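Everything below concerns the one structure shown next.
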Amino acid sequence: MADLKYLELLSKQFPTVQAASAEIINLEAILKLPKGTEHFVSDLHGEYQGFQHVLRNASGVVQRKISEVFGDTLEHQEKRDLCTLICYPEQKLKMTPKDDEWYRETLSRLCAMLNEASSKYTRSKVRKALPCEYAYIIEELLHQSEGVDARRRYYETIFNSIISTGEADNFICQMAEVIKRLLIDTLHVIGDIFDRGPGAHKILDLLCNYHNVDVQWGNHDLVWMGAAAGNGACIANVVRNSLCYANMETLENGYGINLIPLMTFAMETYGDDPCSQFLPRVEGAEDSRQMQLMAKMHKAIAIMQFKLEGQIIRNHPEFRMESRDLMSRIDLERGAVRIDRKWYKLNDTNFPTLDPSNPTALSAGEQEVMDGLSFSFRHSKLLAKHMRFLYTNGAFYLVRNGNLIFHGSMPLKEDGSLKELTVMGHRYKGKALFDKIDQVVRLGYYGEKGSAEKAYGVDYMWFLWGGSYAPPFDKDKMTTFERLFVDDKATHVEHKGYYQDLKNDKAVCEMILKEFGLEGEHTHIINGHVPVKKGESPIRAEGKLLVIDGGFSKPYQATTGIAGYTLIYNSHGMLIAEHKHFYSVDRALQEGSDIKSFQSVVEHLEHRTRVADIDDGKVISAQVEDLRKLLDAYRQGAIREKK
């Protein structure tokens, strides 16, 4: 009876035998198509210019497709010009001498490229990707018939009309955008969109309008998510990070966060303090009055951060971070701080807002600053829009097409077995832990206002940012206090969790994959978070683990030697694109050098992967099975056709 009720509902969508049969034919044909291409990127850290360049050239796929389509029929310079045109059509058109012959030749080449880019999709899916004003024309051009004289003249007439009406430039731009869209079917962003670089808000604007994207939250994203929910410790961390890198673009111009009260408070409280330990990490900071002001603001917000973190630590003993409440371990008389049962000299003893009897309490001035910042974060419309995107399109982890995708680590014991963590009073490990974390983070955003669950969720976002062995962070501690106030570098060491070494063991990776229901030769863990250093390979554990933090963030590029990775998973297998440092759009247009990405094969499949072989194929196959049951019900008279 339950099946019959479901089939009755299905019959409303497919009211006749013919309708159900046609849909079965359509779905079974889709199952035979090659799978769409997935691109994986990680740790963008606000580098908008570099990231949007990678999307424009589809991680080097545009160039490779041009070579495949045209082979030796085009000269090297012609291929490079076509690649630049597809990547930056508006800019390239402005600098290119054009006549009718150039337009006809270019339109023909773009049609060939679009035909190749659309070859693995249904006409319906391609149609949805086309710009409305040109959809009919582009569809006609996509299905040209070679060698038929009448049809050849028909297409020549279309080209001539596009040119004569003055629409050629706009048409070329639209064609280029469709080509790029079809070359990347799905984009996976494996965390850390925020911090360090100046354009996190621009990246999120781009992603909000992207055709198919998901995000696996990194610790830098989670601290912003906590800040947007009004958590004081998260807000202080976000502001301090921005001041540390002299990056106020995202805060002030992006989200309209008012920093004037913090600036005023910092000048009043630390006006005579050189705050030399707090100078931004930029060249020439010590000689700039603006940087010196930022240093005072940096110190002011850092003290607030350590106090607010101490409050969370006291409220949540289950975090097991009592030793990180360092404000309560300062002895101003001896000018020292107790860290791990040992006293260390402070390089700065100016703590005018510290109350030794209540060291984690904010002063009246500090509380006023934090109240203002909290109001700004909670009422920024653009920030709210971006947070909704991260919750709607994001998750703590993702299992997709044989791949387990998460940003940081899986908590492990020394022997490689799964480690339990306490969340909301209960112990969890493995998949159950990741599912619980995802739920708690959502409670921090969607939970009922004033509820204990919502308050816990918001505090837990701070824990995920830098808590002891929190999965997206995976170190014993974040030594921000020590780096600012203690010269002894032995205190600056952050010990990594066991995952960071054990992840190179194939058996450990296979155990983790099995925990998430993934087994077989072509299954992988895909991580970001830890930059791949020069000389290291992003391919680990005999190919079971792929670490794709290649250094989009400029501060990391001295360590990585490159400017980011893209992992590309198409119907033929997996390959990694290694990106050069992106200098500027002008240089890319003039030299074409920035268009290049170096690609290496990770895994080549003997048989091409079809839609039937991936997760979407399982869903479609189930739909086909349901439709066949509906056909049987029609033919047996259990359900009547609705004509």
Side-chain angles (χ1 to χ4, degrees), residues 41-52 189-207 215-229 231-257 259 262 278-282 285 294 297-298 301-302 304-305 309 373 376-377 380 382-383 386-387 389-390 394 407-408 441 461-467 470 472-475 478-480 483-484 494 528-531 548-560 563-564:
V41 295
S42 182
D43 296 84
L44 305 177
H45 285 300
E47 295 294 345
Y48 170 73
Q49 292 292 339
F51 174 59
Q52 62 88 30
V189 181
I190 313 178
D192 282 2
I193 295 169
F194 287 97
D195 293 331
R196 293 186 170 83
H201 57 296
K202 295 179 182 178
I203 291 174
L204 279 158
D205 267 344
L206 188 159
L207 295 178
V215 178
Q216 292 72 56
W217 305 320
N219 58 323
H220 285 266
D221 306 314
L222 287 157
V223 73
W224 272 84
M225 291 158 72
N231 180 274
C234 290
I235 290 171
N237 270 283
V238 163
V239 175
R240 187 193 59 76
N241 270 330
S242 298
L243 288 163
C244 181
Y245 289 93
N247 167 29
M248 314 312 294
E249 174 71 19
T250 296
L251 275 177
E252 293 184 307
N253 297 336
Y255 295 128
I257 305 300
L259 297 177
L262 172 61
F278 296 86
L279 284 166
R281 298 179 188 177
V282 295
M294 283 190 183
M297 295 168 68
H298 185 184
I301 198 67
M304 294 180 223
Q305 172 191 319
E309 289 177 340
L373 287 171
S376 285
F377 272 87
S380 169
L382 184 61
L383 182 58
H386 290 167
M387 291 301 109
F389 167 82
L390 286 176
H407 175 73
V441 171
M461 290 185 220
W462 170 81
F463 173 77
L464 293 170
W465 150 244
F473 175 59
D474 200 30
K475 296 179 183 177
M478 187 177 286
T479 58
T480 306
R483 293 171 188 272
L484 292 172
E494 300 171 345
H529 187 55
V530 179
I548 60 167
D549 180 0
F552 268 100
S553 176
K554 291 178 183 177
Y556 289 143
Q557 289 173 14
T559 299
T560 63

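The structure presented is a predicted model; accordingly, all values stated were derived computationally and were not measured.
Judged as a side chain to side chain contact (heavy atoms under 4.5 Å, CB included), and not counting sequence neighbours, the contacts of P531 are D549, Y556, T560. Residues satisfying the side chain to side chain contact (heavy atoms under 4.5 Å, CB included) test with A228, not counting sequence neighbours, are L383, M387. Considering only residues two or more places apart in sequence or on other chains, N247 meets the side-chain hydrogen bond (donor to acceptor under 3.5 Å, both in side chains) condition with none of them. The side-chain hydrogen bond (donor to acceptor under 3.5 Å, both in side chains) check on N219 picks up nothing, with sequence neighbours excluded. For F194, the ring pair (Phe, Tyr, Trp, His ring centres under 6.0 Å) test picks out W224, with sequence neighbours left out. Remark: F463 engages F319, Y460 in a ring pair (Phe, Tyr, Trp, His ring centres under 6.0 Å) (not counting sequence neighbours). Judged as a side-chain hydrogen bond (donor to acceptor under 3.5 Å, both in side chains), and not counting sequence neighbours, the contacts of K475 are E494. When the ring pair (Phe, Tyr, Trp, His ring centres under 6.0 Å) test is applied to H529, the partners found at least two apart in sequence or on another chain are H407. For T250, the side-chain hydrogen bond (donor to acceptor under 3.5 Å, both in side chains) test picks out H201, with sequence neighbours left out. The side chain to side chain contact (heavy atoms under 4.5 Å, CB included) check on M294 picks up L243, A246, M248, P280, Q290, M291, with sequence neighbours excluded.
The distance from the OG atom of S553 to the CG atom of D43 is 8.5 Å, given to the nearest 0.5 Å. A distance of 4.5 Å separates CZ of R240 from OG1 of T480, quoted to the nearest 0.5 Å. Atom CG of D221 and atom CG of L204 lie 8.0 Å apart (nearest 0.5 Å). The line from CG of L251 to OG of S380 is 10.0 Å long, rounded to the nearest 0.5 Å. Rounding to the nearest 0.5 angstrom, the gap separating the CD1 atom in I193 from the CZ atom in F552 is 11.5 Å. Rounding to the nearest 0.5 Å places CD1 of I203 at 10.5 Å from NE2 of H386.
At least one side-chain heavy atom of L207 sits less than 4.5 Å from a side-chain heavy atom of F51. Using a 4.5 Å heavy-atom cutoff, the side chains of K202 and Q52 are not in contact. At least one side-chain heavy atom of L373 sits under 4.5 Å from a side-chain heavy atom of L259. In this structure, V239 and M297 have side chains that are not in contact, with every pair of non-hydrogen atoms separated by 4.5 Å or more. D195 places none of its side-chain heavy atoms less than 4.5 Å from the side chain of Y245.
In terms of heavy atoms, P472 sits closest to G218 at CB-C, 4.4 Å. Across all non-hydrogen atoms, the minimal contact from W462 to A233 is CD1-CB, 3.7 Å.
For the pair H298 (side chain) and F278 (backbone), a donor-acceptor distance under 3.5 Å is present.
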query: Taking it one step at a time, do E309 and N237 satisfy side chain to side chain contact (heavy atoms under 4.5 Å, CB included)?
result: CA-CA 10 Å; E309 289 177 340; N237 270 283; 2.9 Å; yes
- request: Show your working on side chain to side chain contact (heavy atoms under 4.5 Å, CB included) between M225 and L464 and close with a plain yes or no.
  value: CA-CA 11 Å; M225 291 158 72; L464 293 170; over 6 Å; no
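Under a cut-off of 6.0 angstrom, the local environment of CZ in R281 is sparse, with at most 12 non-hydrogen atoms contributed by other residues, nucleotides or ligands.
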